[in-house]
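The shown structure was predicted, so the numbers you read here are calculated from the model rather than taken from an experiment.
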Amino acid sequence: MDASTEELRGAHDAIAELYAEVLADSLDRSPEDRAVLDLFRELLPGHGVGVTVADIGCGSGRVADHLARHGVRPHGVDLSPEMVRVATRDHPGIPFEVADLRRLPFADGGLAGAVAWYSLMYLAPDQRAAAFAEIARVLAPGGLLAAGFKLGDDTPRRGGAAVGVAFDVYWLSMQEFERRLADAGFRTVFRAERPPRPDRPGEDQQQGYLLAERLGRG
């Protein structure tokens with residue numbers, strides 16, 4: 001594991017309990033996030049009921065829990081063992097495991113969908129092609145990816161100072177995100193952005209959303 005990945009894992013291990021507490025009701029306070037996740041779910045086969053999807057970078061499990069309450073079968077993965085421990089504790093019945101998004105524990109074409117909710121923004125430019133290709137690998141043709149991210153100019157930043165940790169983070173442009181998706185064999189089916197909401201924890205930057213379909217024959 002490279003130094004940047006070790007730093008990211010250690011930082012999220014350190015803030016796992018705080019993260020779970022502060023963001024426990026974040027979806028309740030964000031109708032925009034719920035709307036995108038619900039659109040993702042509606043576009044899955046059978047409106048997502050009984051369909052298995054990956055929650056990539058699941059954190060403390062709030063997105064997986066939202067999907068599960070609407071009939072989807074999420075399987076969460078996260079780089080941080082502490083995040084996985086907290087998610088497993090707080091959301092029993094949903095499978096969570098430790099994994100790097102560049103080496104996902106899913107079979108080729110085995111998933112109808114995947115969610116990457118604010119988890120792809122930690123990838124350095126030289127890691128993005130492999131990571132997006134790995135997500136494409138685990139999705140069946142026609143499978144959907146839903147992503148949330150902080151919009152910006154693609155330059156590196158240092159995050160985590162507000163909670164006493166440090167890690168690299170990138171506020172991605174819509175152009176960069178869509179280019180990486182296209183290179184990995186996706187087509188965009190929905191895009192949106194919204195202005196900052198400083199009244200919400202960690203939302204002092206413009207936010208972006210994308211839904212993309214995995215191309216290829218079924």
For [X] and [Y], does a side-chain donor sit closer than 3.5 Å to a side-chain acceptor?
X: Ser60; Y: Arg62; value: no
X: Arg179; Y: Ser173; value: no
X: Gln206; Y: Glu193; value: yes

* Asked: Do Leu151 and Phe177 sit in the same hydrophobic cluster, where Ile, Leu, Val, Met, Phe, Trp and Tyr count as joined when their side-chain heavy atoms come under 4.5 Å apart?
  ->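 They do share one cluster, since a chain of ILVMFWY contacts under 4.5 Å joins Leu151 to Phe177.
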
* Is it the case that one hydrophobic cluster holds both Val77 and Leu145, taking links as side-chain heavy atoms less than 4.5 Å apart, direct or via other members? ->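 Val77 and Leu145: one cluster.
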
* Should we say atom CZ of Arg85 is surrounded by more than 12 heavy atoms from elsewhere, each under 6.0 Å from it? ->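 Result for CZ/Arg85: enclosed.
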
* Other residues, nucleotides, ligands: >12 heavy atoms within 6.0 Å of His70 NE2 ->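 Yes, the 6.0 Å shell around NE2 holds more than 12 heavy atoms from other groups.
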
* Begin with the C-alpha distance, continue with both residues' side-chain angles, and end with the deciding distance and a verdict on ring pair (Phe, Tyr, Trp, His ring centres under 6.0 Å) for Phe106 and His75. => CA-CA 10 Å; Phe106 305 111; His75 186 136; 5.1 Å; yes

Nearest-0.5 Å distance, [atom1] of residue [X] to [atom2] of residue [Y]:
X: Arg194; Y: Glu32; atom1: CZ; atom2: CD; result: 4.5 Å
X: Gln127; Y: Asp100; atom1: CD; atom2: CG; result: 8.0 Å
X: His66; Y: Asp33; atom1: NE2; atom2: CG; result: 9.5 Å

* Asked: Taking C-beta and beyond as the side chain, do Glu6 and Leu8 meet within less than 4.5 Å on heavy atoms?
  ->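 Not in contact.
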
* Can you tell if the side chain of Tyr170 reaches within under 4.5 Å of the side chain of Glu176, non-hydrogen atoms only? ->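 No, too far: nothing below the 4.5 Å cut-off.
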
* Output all residues satisfying ring pair (Phe, Tyr, Trp, His ring centres under 6.0 Å) with Phe40, sequence neighbours left out; order by chain, then residue number. =>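 Applying ring pair (Phe, Tyr, Trp, His ring centres under 6.0 Å) to Phe40 gives none.
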
* Please report the closest heavy-atom contact between Pro45 and Val51, naming both atoms and the distance. =>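 Residues Pro45 and Val51, closest heavy atoms: O-CG2, 3.3 Å.
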
* Over all atoms of both residues, closest heavy-atom pair of Ala131 and Leu123 ->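 Closest pair (atom of Ala131, atom of Leu123, distance): CB-CD1, 3.5 Å.
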
* Please work out whether the ring planes of Tyr122 and Phe167 are parallel, tilted or perpendicular, with thresholds of 30° and 60°. =>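 Correct class here is perpendicular.
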
